[in-house]
Amino acid sequence: DGQVVGNLNLSPFFHWGRRIYLIANVAVNPNYRRRGIARALTQAALKKSRRWRVHEVWLHVQDDNPAAINLYTSMGFQPRIRRSTWNIAPKSLQGETPPGVRVTTRSRHNWKLQRKWLKQNYPLDLRWHIPLKFQALKPGLWNKLYRFFAEIRVRHWAALSKDRLLGVLTWQATHRHLDRLWLAASPETEEAALQAILPFIQREKYLRRPLSLDYPADRAVGILEMTGFEHQHTLIWMKVKS
């Protein structure tokens, strides 16, 4: 009768000279589920990727959807990264910066350690999909000019304890309904960094839109909940060689 029973999006990305496909928005009409339609759609996408000589295909699935996880695993997809998304309105931030920790604007001398932590928290396997460009965060005149011409607005705050850098939190404006936060910190210092910086930025008047933080799953959960963030979802990113 011409009714659409399922659909799938296959989106191309380019990263470090590689062409990558992302399978997204796999949807099946509820009246036609458990008939192998999602599998057939995914197989068709993989077949098309092979025909177009794309050898790396990604997708993501929520961690509370075991049926989908089992389906994609059975088709050769391997879990690579687990990421959680946390959202908050700036006025909802709670807590106080603890004594003995000071929050300042990020110094150019903090960049080396900030970059190291960013690479750990936002690994290369993920950066093809998220709007995180290190050049936009790097200090220096040329990178300031790059931000100006690319119309990228960022702010950085550093948390220090006795001159020891605990972490750097970056705000990046977007053209969407919310702005992004990027956290550069180690697993040992991330909670202390967030506990110090988040109450501090509540006073920043230009932070008016909701904030979203993408972060490794199961990390900094307690402090994010304590400061008022709401957990949106945890995604398992999976990859297959087509």
Side-chain angles (χ1 to χ4, degrees), residues 9-22 24-25 58 60 81 83-93 103-159 165 167-185 190 193-194 196-216 224 227-230 232-233 235 237:
N9 291 337
L10 188 62
S11 303
F13 290 85
F14 291 88
H15 185 65
W16 290 83
R18 297 178 300 155
R19 187 164 60 165
I20 298 169
Y21 275 172
L22 172 66
N25 302 322
W58 286 77
H60 55 71
I81 304 171
R83 309 292 297 186
S84 291
T85 298
W86 300 83
N87 291 352
I88 194 171
K91 65 181 180 180
S92 299
L93 284 167
V103 178
T104 70
T105 55
R106 193 258 335 249
S107 162
R108 60 186 297 270
H109 302 293
N110 301 143
W111 172 244
K112 183 177 181 180
L113 198 49
Q114 180 189 7
R115 184 174 184 272
K116 173 185 174 182
W117 286 336
L118 284 171
K119 290 173 69 175
Q120 293 171 352
N121 293 341
Y122 303 94
L124 193 61
D125 265 357
L126 183 72
R127 291 202 299 270
W128 58 270
H129 186 254
I130 60 176
L132 174 61
K133 297 183 182 299
F134 283 11
Q135 187 177 355
L137 308 188
K138 186 177 179 180
L141 176 61
W142 290 113
N143 295 290
K144 186 176 182 178
L145 290 172
Y146 167 77
R147 290 190 293 272
F148 175 79
F149 288 110
E151 298 184 339
I152 296 174
R153 295 172 57 209
V154 295
R155 295 287 188 278
H156 308 271
W157 303 273
L165 182 64
V168 178
L169 185 67
T170 298
W171 165 81
Q172 179 180 345
T174 76
H175 298 295
R176 301 174 57 202
H177 69 284
L178 47 74
D179 293 334
R180 291 186 175 272
L181 295 175
W182 309 110
L183 177 61
E190 61 194 7
L194 287 169
I197 299 172
L198 289 173
F200 182 88
I201 69 173
Q202 187 183 34
R203 302 193 291 267
E204 302 287 355
K205 295 183 179 180
Y206 58 86
L207 298 184
R208 298 176 180 175
R209 304 201 306 164
L211 304 171
S212 182
L213 173 68
D214 176 285
Y215 208 59
L224 288 169
T227 50
F229 277 81
E230 293 186 1
Q232 299 302 301
H233 54 244
L235 298 178
W237 287 81

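We count residues from 1, following the sequence as given. As a basis for the values below, the full set of heavy atoms in this structure was taken, side chains included, without hydrogen atoms, waters or symmetry mates.
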key: Nearest atoms (heavy-atom pairs only) where Arg83 meets Ile81   = CD-CG2, 3.2 Å
key: Straight-line distance of Trp182 CH2 to Tyr122 OH, nearest 0.5 Å   = 6.0 Å
note = Between His156 and Val154, the two heavy atoms sitting closest are NE2-CG2, 3.8 Å
query = Any side-chain heavy atom of Ile88 within less than 4.5 Å of one from Leu93?
reply = yes
message = Between Trp157 and Trp171, is the ring centroid distance below 6.0 Å?
response = no
message = Working to the nearest 0.5 angstrom, can you tell me the gap between Leu137 CG and Asn143 CG?
response = 9.5 Å
key: Check against side-chain contact (heavy atoms from CB on, under 4.5 Å), Thr227 and Leu194   = CA-CA 9 Å; Thr227 50; Leu194 287 169; over 6 Å; no
ask   = How long is the span from the CG atom in Leu145 to the CG atom in Leu141, to the nearest 0.5 Å?
value = 4.5 Å
message = Working note: Glu190 + Trp117, criterion side-chain contact (heavy atoms from CB on, under 4.5 Å); need CA distance, chi angles, decisive distance, verdict.
response = CA-CA 10 Å; Glu190 61 194 7; Trp117 286 336; over 6 Å; no
remark   = Heavy-atom closest pair (Arg147 atom, Ala136 atom, distance to 0.1 Å) is CD-O, 2.9 Å
message = To check you understand the geometry: which heavy-atom pair defines the closest contact between Gln232 and Asn87, and what is its length?
response = CG-ND2, 3.3 Å
query = So, His129 versus Trp58, ring centres under 6.0 angstrom or not?
reply = no
request  = Please confirm whether Tyr215 and Trp86 have ring centers closer than 6.0 angstrom.
outcome  = no
ask   = Just by distance, do the side chain of Asn110 and the backbone of Arg106 share a donor-acceptor pair under 3.5 Å?
value = no
Value rounded to 0.5 Å, distance of CG in Leu169 from CD in Gln114 = 9.5 Å
request  = Kindly indicate whether the side chain of Trp237, heavy atoms from C-beta on, has any atom under 4.5 Å from the side chain of Leu126.
outcome  = yes
request  = Flag this pair as yes if the NZ/CZ of Arg127 is under 6.0 angstrom from the six-membered ring centre of Phe134 and inside a 45 degree cone about the axis; otherwise no.
outcome  = yes
Non-hydrogen side-chain atoms of His109 and Leu165 separated by less than 4.5 Å = no
key: Asn25 side-chain N/O to Asn9 backbone N/O, donor-acceptor pair under 3.5 Å   = no
query = About how many Å separate CG of Leu118 and CD of Gln120, when rounded to the nearest 0.5 Å?
reply = 9.5 Å
Distance (rounded to the nearest 0.5 Å) between Lys138 NZ and Arg108 CZ = 10.5 Å
side-chain contact (heavy atoms from CB on, under 4.5 Å) between Phe229 and Leu181, intermediate numbers included = CA-CA 12 Å; Phe229 277 81; Leu181 295 175; 4.0 Å; yes
query = Do Arg153 and Gln172 have a side chain donor and acceptor closer than 3.5 Å?
reply = no
request  = Kindly say whether Leu183 contributes a backbone atom to a donor-acceptor pair with the side chain of Asn121 at under 3.5 angstrom?
outcome  = yes
message = Please give me the minimum heavy-atom distance between Ala158 and Val168, naming the atom from each residue.
response = CB-CG2, 4.2 Å
ask   = Would you find a donor on one side and an acceptor on the other, under 3.5 Å apart, between the side chain of Arg180 and the backbone of Leu132?
value = no
task = Apply the test side-chain contact (heavy atoms from CB on, under 4.5 Å) to residues Leu213 and Thr85: give CA-CA distance (whole Å), side-chain angles for both, the deciding distance (0.1 Å), then the verdict.
result = CA-CA 6 Å; Leu213 173 68; Thr85 298; over 6 Å; no
note = Here the pair of heavy atoms bringing Pro90 nearest to Gln202 is O-CG, 3.6 Å
